[in-house]
Amino acid sequence: MTAAYIKEGHEIFRKSLRKFLEKEAYPYYEQWEEDRIIPRDFWIKMGDQGYLCPTIDEQYGGSEADWGFAVVINEELERVGSGLVGIGLHNDIVVPYITAYGTEEQKQKWLPRCAAGEIITAIAMTEPGTGSDLAGIKTTARLEGDHYVVNGQKTFITNGIHSDLIIVACKTNPDAVPAHKGISLLAIERDAPGFARGRKLNKVGLHCQDTAELVFEDCIVPKENLIGEEGKGFLYLMEKLQQERLVVAIAAQVAAEEMLRMTIEYVKSREAFGKSISRFQNTQFKIAEMATDAEMGRAFLDQLITEHMLGKDVVTKVSMAKWKLTENARKIAGECMQLHGGYGYMEEYEIARRYRDIPVASIYAGTNEIMKVIIAKNIGL
Ligand SMILES: Cc1cc2nc3c(=O)[nH]c(=O)nc-3n(C[C@H](O)[C@H](O)[C@H](O)COP(=O)(O)OP(=O)(O)OC[C@H]3O[C@@H](n4cnc5c(N)ncnc54)[C@H](O)[C@@H]3O)c2cc1C
């Protein structure tokens, strides 16, 4: 069944995007995994075709598309591989901070180049000592005349190497009570004095995605780079994290569907004890269970996307989708690898890569435990 938010225009768009990816991404993906980075020219090609930031206003280089188009982009990128997650992060997670809270000057300066792929963005919240407990971040931004002086360190930052513009969560008032009221968002540009990249991190999966540490030592950031108002950073993050979690849930659902598809193909083609392994009842039951989980996940997700597009309050349901769909996908990865036998453990089979890539979806964008904390609180516990 096609989701309510998908219309003919979205299907046409999906077809042309898939064609583009078949030419520009699928043939190179394994090489990018080996290189541990996606080349910048792929971003430019995405921008040229209108696949970056399609939802932003035309005057800033977008096409004022509805969020259904963003969903299609996230789905098709995930079909290529989870390592393209940084593009969805740019489109649907970082750029929206500028469109929602940026000044006219900031929008004019950055958005057209974000849509063209010339500016790659990142969001830096996590620090070596603080992840889930965001209010406890230690990076400070002290206002001195016409600029902020930023000191601190961030880690696990997606697009950390490529990024030209980073939305950094920092404390403009380290003494604020409660602590989250001291957090502000600053847009820090590539050439800011005192900004340096730390290590490019070696990860279990998402090999072509560049994840890095960022270091700010007396980093000078113009006052005009404040996003929104001082002290409101935590509020902005809480608002925009909903779409971030939804994007992670979408990717996990697509990964689950892809793993299931490739495993069904595999079990039909492999024989043991004189018959196709798809004829064993264990294989059939495992696949029946996974197909049920995937189908139920898809129904919940599509309904949730529709509600999100209508502007409804989806905090509880997004938290549910984020933990449940990433957990589904993780279980499906294990079962699908098992059904591939020894070949499932070989890098030449895509299930091996999918198995490595999926666990992080339970960790980033707020861990699944934090999702359950939110759900419990919102249902009155
Ligand atoms: C590949 C990758 C990419 C990432 N990209 C980004 C990025 O672009 N920008 C960014 O800012 N961050 C990013 N992160 C960071 C990510 O969001 C954090 O790792 C995550 O929020 C968890 O924080 P932590 O690692 O400090 O774990 P911790 O907060 O130390 O948690 C450790 C464990 O304790 C559990 N725990 C913590 N608090 C509670 C609680 N109250 N109740 C129950 N259990 C709890 C957690 O669920 C977890 O299991 C990325 C991480 C990875 C791995």
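First listed ligand is number 1; within each ligand, the first listed atom is number 1.
Taking a 4.5 Å side-chain heavy-atom cut-off between Ile, Leu, Val, Met, Phe, Trp and Tyr, the cluster of L214 extends to L143, Y148, V150, I157, I166, V168, L186, I188, F195, F216, V221, L226.
Of all protein heavy atoms, the one lying nearest to atom 6 (C) of ligand 1 is F156 O, 2.8 Å.
With a 4.0 Å cut-off on non-hydrogen atoms, A122 does not touch ligand 1 at all. By the criterion of a heavy-atom distance under 4.0 Å, neither the backbone nor the side chain of N368 is placed next to ligand 1. Contacts of T126 with ligand 1, taken as heavy-atom pairs under 4.0 Å, involve both backbone and side chain. Contacts with ligand 1 closer than 4.0 Å are made by side-chain heavy atoms of K203 only, the backbone lying farther away.
Distance remark: protein heavy atom present below 4.0 angstrom from atom 26 (O) of ligand 1. For atom 30 (O) of ligand 1, no protein non-hydrogen atom is found at a distance below 4.0 Å. Within a 4.0 Å radius of atom 20 (C) of ligand 1, the protein has at least one heavy atom. Inside a 4.0 Å radius of atom 47 (O) of ligand 1 there is at least one protein heavy atom.
When the heavy atoms of E369, Q209, K372, E127 are ranked by distance to atom 43 (C) of ligand 1, first place goes to E369. Distances from atom 53 (C) of ligand 1 to the heavy atoms of I93, V360, L206 put V360 nearest. Summarising the contacts of atom 3 (C) of ligand 1 with T158, D357, I123, the nearest heavy atom is found in T158. Counting only non-hydrogen atoms, the option in S132, G205, G86 that gets closest to atom 28 (P) of ligand 1 is S132. Here atom 17 (O) of ligand 1 lies nearest to A365 when heavy atoms of A376, A365, G131 are compared.
One finds the CD atom of E257 at 13.5 Å from the CE atom of M290 (value rounded to the nearest 0.5 Å). Atoms CD1 and OG1, on I332 and T263 in that order, are 9.0 Å from each other to the nearest 0.5 Å.
Here's the thing with L89: none of its N/O atoms is less than 3.5 angstrom from an N/O atom of ligand 1. At a 3.5 angstrom cut-off on N or O pairs, Y364 does not count as close to ligand 1. In terms of N/O distances under 3.5 Å, ligand 1 is not approached by I157.
Salt-bridge annotation for R14 and E75: present, with a side-chain N of the basic residue lying under 4.0 Å from a carboxylate O of the acidic one. In this structure, K317 pairs ionically with E307, as a charged nitrogen and a carboxylate oxygen lie closer than 4.0 Å. A salt bridge links R142 with E144; the closest basic N to acidic carboxylate O contact falls under 4.0 Å. Salt bridge annotation for E347-R356: present, with a cationic side-chain nitrogen under 4.0 angstrom from a carboxylate oxygen. A salt bridge is absent between E230 and K223: the closest approach of a Lys/Arg side-chain nitrogen to an acidic carboxylate oxygen does not fall below 4.0 angstrom.
Residue contact check for ligand 1: G160 places no non-hydrogen atom closer than 4.0 Å to it.
Ring centroid separation for the pair F42 and W32 comes in under the 6.0 Å cut-off.
Taking the side chain as every heavy atom from C-beta outward, W43 and H162 approach each other to under 4.5 Å.
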Kindly list each side-chain donor-acceptor pair under 3.5 angstrom involving residues 78-90, sequence neighbours excluded, with atom names and distances?
unit_1 : atom_1 : unit_2 : atom_2 : d
E78    : OE2    : S82    : OG     : 2.7
E78    : OE2    : R354   : NH1    : 2.8
R79    : NE     : E258   : OE2    : 3.4
R79    : NH1    : E76    : OE2    : 2.7
H90    : ND1    : T121   : N      : 3.2
H90    : ND1    : T121   : OG1    : 2.8
H90    : NE2    : C114   : O      : 3.0

